[in-house]
Amino acid sequence: MAAPVRVRMAPSPTGFLHIGSVRTFLFNWLFARGRGGECLLRIENTDVSREVAAAVEQIQRSLEWIGIDWDGAATFQLDRIERCQEEAKRLVEDGAAYEEEGAIRFRMPEDGITGWDDAVLGRIEFPNAELEDVVLVRSDGRPTYNFASPVEDWLDEITHVIRGNDHVSNTPKQIQILTALGSALPVYAHVPMINGPDGKPLSKRHGAVSTDEFRDSGYLPEALINFLALLGWAPDGETTIMDRGELVDRFSLDRVGASSATFDYDKLDWLNGVYLRALPPAAYADTLVAYLRERGNDWPEERIREAVPLVQEKIGRLGEFPSFAGFLFHDVEPDPALLERAVLEEAAAALERVDLFESGPIEAALKELCERLGAKPRQVFAPIRVAVTGSKISPGLYESLALLGREAAVARLRSGAAAAAA
RNA sequence: GCCCCCAUCGACUAGCGGCCUAGGUCACCACCCUUUCAAGGUGGCUGCACGGGUUCGAAUCCCGUUGGGGGCACCA
């Protein structure tokens with residue numbers, strides 16, 4: 001019987017939750033959930049000055065939004081400060097550590113090698129001569145990260161340490177400490193880092209990096225999860241779209257790649273569009289309304305829902321809605337240079353004559369108008385679109401006109417004609 | 001500087017010695033559809049970093065080079 005899997009997600013409470021951390025946590029979570037294991041949330045705050053309650057709440061909110069949950073309450077590294085001190089004292093008594101100017105240092109072996117079979121990278125070995133005698137406990141009594149972390153892994157009976165590649169060089173030190181502590185060793189899996197398009201660590205200048213920014217832009221958690229999972233991992237060479245359940249079912253550490261990945265915002269947009277389009281209209285409407293409300297938008301819900309059929313097929317991010325469909329909620333300011341007086345006047349007249357103001361009849365009327373004017377559809381529709389929506393890009397024209405209503409549509413056409421007069 | 005890791009299309013990746021004249025997806029280009037932008041359909045463009053080995057046979061194994069990344073705190 002294999003021991004039950006237990007992993008931990010260990011963010012630093014430094015403000016916001018970085019999307020790269022989310023990817024690492026996602027791998028932990030998928031691994032644990034796929035094996036009926038436990039996934040703990042541990043806040044790494046050995047440094048008091050960085051402990052910000054607000055930051056922790058922020059992290060938890062971000063994780064909840066994206067749908068990564070954890071077992072039990074979040075724990076704080078700082079809470080085990082005394083236990084760490086006791087263990088350090090014990091190590092000193094055992095001769096495995098020693099005091100120096102009030103701090104306690106671990107005595108690393110002078111020669112030989114420390115290695116492990118990384119679940120992602122394979123065999124890795126470090127010459128012990130390279131290992132420094134790391135400080136376990138600072139002179140002020142607080143344990144350092146390289147001590148607190150393994151102590152907690154030991155106490156929490158962590159079976160798999162799945163973390164970023166940047167921790168590789170910490171691993172041999174932690175293995176030595178764990179061994180001196182008398183702890184069993186967890187399986188280590190160092191997952192690749194995520195870079196920006198320039199190959200440098202993903203940062204603000206590349207675009208969105210905090211989970212909140214992605215939420216704000218109108219990405220769906222499901223799409224983000226799907227996208228992130230594919231950064232450094234693939235179930236096979238074909239599958240791209242996978243919902244949470246499938247991800248949990250198919251994820252495995254041995255299929256995680258060893259090389260770092262580049263965050264491709266274009267692909268994320270495409271993937272988000274796929275998820276957005278796949279939503280049942282009612283669910284899409286619910287999501288859209290909730291999204292807008294969260295951002296302080298108070299446009300009438302009824303109208304927003306009516307606009308859904310016009311936008312669902314067109315936008316890739318919920319954040320595009322205000323600019324894409326805003327003309328349905330407020331007046332527009334079309335560029336006079338794009339308006340055609342004669343066309344707009346004719347169009348206004350034609351729409352006034354339409355019996356039933358719905359997209360079908362509107363389409364018929366406008367096509368008839370094209371024939372009558374002897375003009376190509378694009379020459380006629382372009383100015384109408386601009387006059388009515390204020391933009392060259394919009395939802396389908398007939399549907400937009402219908403939803404806007406005869407009165408408003410005609411009024412915009414007329415004022416557009418007037419504006420074009422110049 | 002020292003240590004560690006990585007290396008397939010522009011990007012994410014499949015590939016774990018012959019199925020590869022290298023497959024899928026995004027992006028890009030062309031065409032179709034079309035009232036625009038999208039979406040959708042069809043087709044296309046690009047890649048095994050380089051040099052040595054091993055082998056009947058290498059994208060796949062080994063060595064080196066080059067390039068990239070990470071780490072060398074009483075930070076995490």
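Per chain, numbering begins at 1; letters A, B, ... match sequence-line order.
- Residue contacts for A/R163: at a heavy-atom cut-off of 4.0 Å it reaches no nucleic acid atom on any strand shown.
- We find that A/E352 and A/R414 are joined by a salt bridge, their nearest charged nitrogen and carboxylate oxygen being less than 4.0 Å apart.
- Among pairs with a residue in residues 105-115 of chain A, those fulfilling side-chain hydrogen bond (donor to acceptor under 3.5 Å, both in side chains) read A/E100-A/R105, A/T114-A/N128, A/T114-A/Q176, at least two apart in sequence or across chains.
- Annotation: proximity of residues 374-396 of chain A to RNA chain B (heavy atom, distance under 4.0 Å) is found for A/P377, A/F381, A/R385, A/K392, A/I393, A/S394, A/G396, numbered in ascending order.
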Problem set entry | Sugar-phosphate or base contact per nucleotide [nucleotides 24-32 of chain B; S, B, -; heavy atom under 4.0 Å] | BBB------
Donor-acceptor pairs are to be reported for all side-chain atoms of residues 315-331 of chain A against protein atoms at under 3.5 Å, with residues two or more places apart or in another chain.
unit_1, atom_1, unit_2, atom_2, d
A/E320, OE2, A/G316, N, 3.2
A/E320, OE2, A/R317, N, 3.0
A/S323, OG, A/E320, O, 3.3
A/H330, NE2, A/G326, O, 3.2

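- Backbone-only contact: A/T262 has heavy atoms under 4.0 Å from sugar-phosphate atoms and none from a base.
- Atom-to-atom, CG of A/D269 to C1' of B/C12 comes out at 15 Å; the value is rounded to the nearest Å.
- Of the residues in residues 87-97 of chain A, none has a non-hydrogen atom less than 4.0 angstrom from any atom of RNA chain B.
- B/C3 and B/U21 are spaced 41 Å apart, taking the P atom of each and rounding to whole Å.
- Going from the P atom of B/C2 to that of B/G10 covers 32 Å, rounded to whole Å.
- For residues 307-329 of chain A, proximity to RNA chain B is found at A/E313, A/K314, defined as any non-hydrogen atom under 4.0 angstrom from a strand atom.
- Out of B/U35, B/C74, B/U13, the shortest distance to the side chain of A/V135 is found at B/C74.
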Would you tabulate the side-chain donor-acceptor contacts of residues 88-95 of chain A under 3.5 Å, counting partners in other chains and residues two or more places apart, or write 'none'?
unit_1, atom_1, unit_2, atom_2, d
A/R90, NH1, A/E87, OE1, 2.3
A/R90, NH2, A/L181, O, 2.9

For this session: Before giving the answer on side-chain hydrogen bond (donor to acceptor under 3.5 Å, both in side chains), spell out for A/N146 and A/T144 the whole-Å C-alpha distance, their side-chain angles and the decisive distance to 0.1 Å.
Result: CA-CA 5 Å; A/N146 266 320; A/T144 59; over 6 Å; no
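- Inter-residue side-chain proximity for A/E132 and A/M108 is flagged as unmet; no heavy-atom pair is nearer than 4.5 Å.
- Under a 4.0 Å N-O distance rule, the pair A/D140/A/R142 qualifies as a salt bridge.
- Among residues two or more places apart in sequence or in another chain, the side-chain contact (heavy atoms from CB on, under 4.5 Å) test is passed with A/P11 by A/F25, A/L41, A/I43, A/I59.
- For A/A350, the side-chain contact (heavy atoms from CB on, under 4.5 Å) partners two or more places apart in sequence, or in a different chain, are A/R353.
- With respect to the salt-bridge test (charged N to carboxylate O, under 4.0 angstrom), the residues A/R8 and A/D153 qualify.
- Among the heavy atoms of the strands, none lies under 4.0 Å from A/D140.
- Comparing the same atom, P, in B/A14 and in B/U25 gives a spacing of 15 Å after rounding to whole Å.
- Remark: aromatic rings of A/H167 and A/Y145 are close, center separation under 6.0 Å.
- Looking at heavy-atom distances under 4.0 Å, A/L230 makes contact with sugar-phosphate atoms alone, never a base.
- Using a cutoff of 4.0 Å between basic side-chain nitrogens and carboxylate oxygens, A/D79 and A/R42 are not scored as salt-bridged.
- Within the shown strands, B/G18 is the pairing partner of B/C56 under the Watson-Crick or G-U definition, both distances less than 3.5 Å.
- Residue pairs satisfying the ring-ring contact (aromatic ring centres under 6.0 Å, His included) criterion with at least one member in residues 224-245 of chain A, sequence neighbours excluded, are listed as follows: A/F227-A/F263, A/W233-A/F251.
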Pairwise N/O distances under 3.5 Å, protein to nucleotides 66-70 of chain B:
unit_1, atom_1, unit_2, atom_2, d
B/G69, OP1, A/K200, NZ, 2.5

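- At the heavy-atom level, A/Y398 lies under 4.0 Å from base atoms of the strands shown.
- Note on A/E125: only backbone sugar-phosphate atoms sit closer than 4.0 angstrom, heavy atoms only; bases stay farther off.
- If you take atom C1' in B/G51 and the same atom in B/C45, they sit 29 Å apart, rounded to whole Å.
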Kindly list each side-chain donor-acceptor pair under 3.5 angstrom involving residues 216-226 of chain A, sequence neighbours excluded, with atom names and distances?
unit_1, atom_1, unit_2, atom_2, d
A/S217, OG, A/E213, O, 2.9
A/Y219, OH, A/D269, OD1, 2.4
A/E222, OE2, A/R244, NE, 3.0
A/E222, OE2, A/R244, NH2, 3.1
A/N226, OD1, A/M242, N, 2.8
A/N226, OD1, A/Y275, OH, 2.5
A/N226, ND2, A/T240, O, 3.0

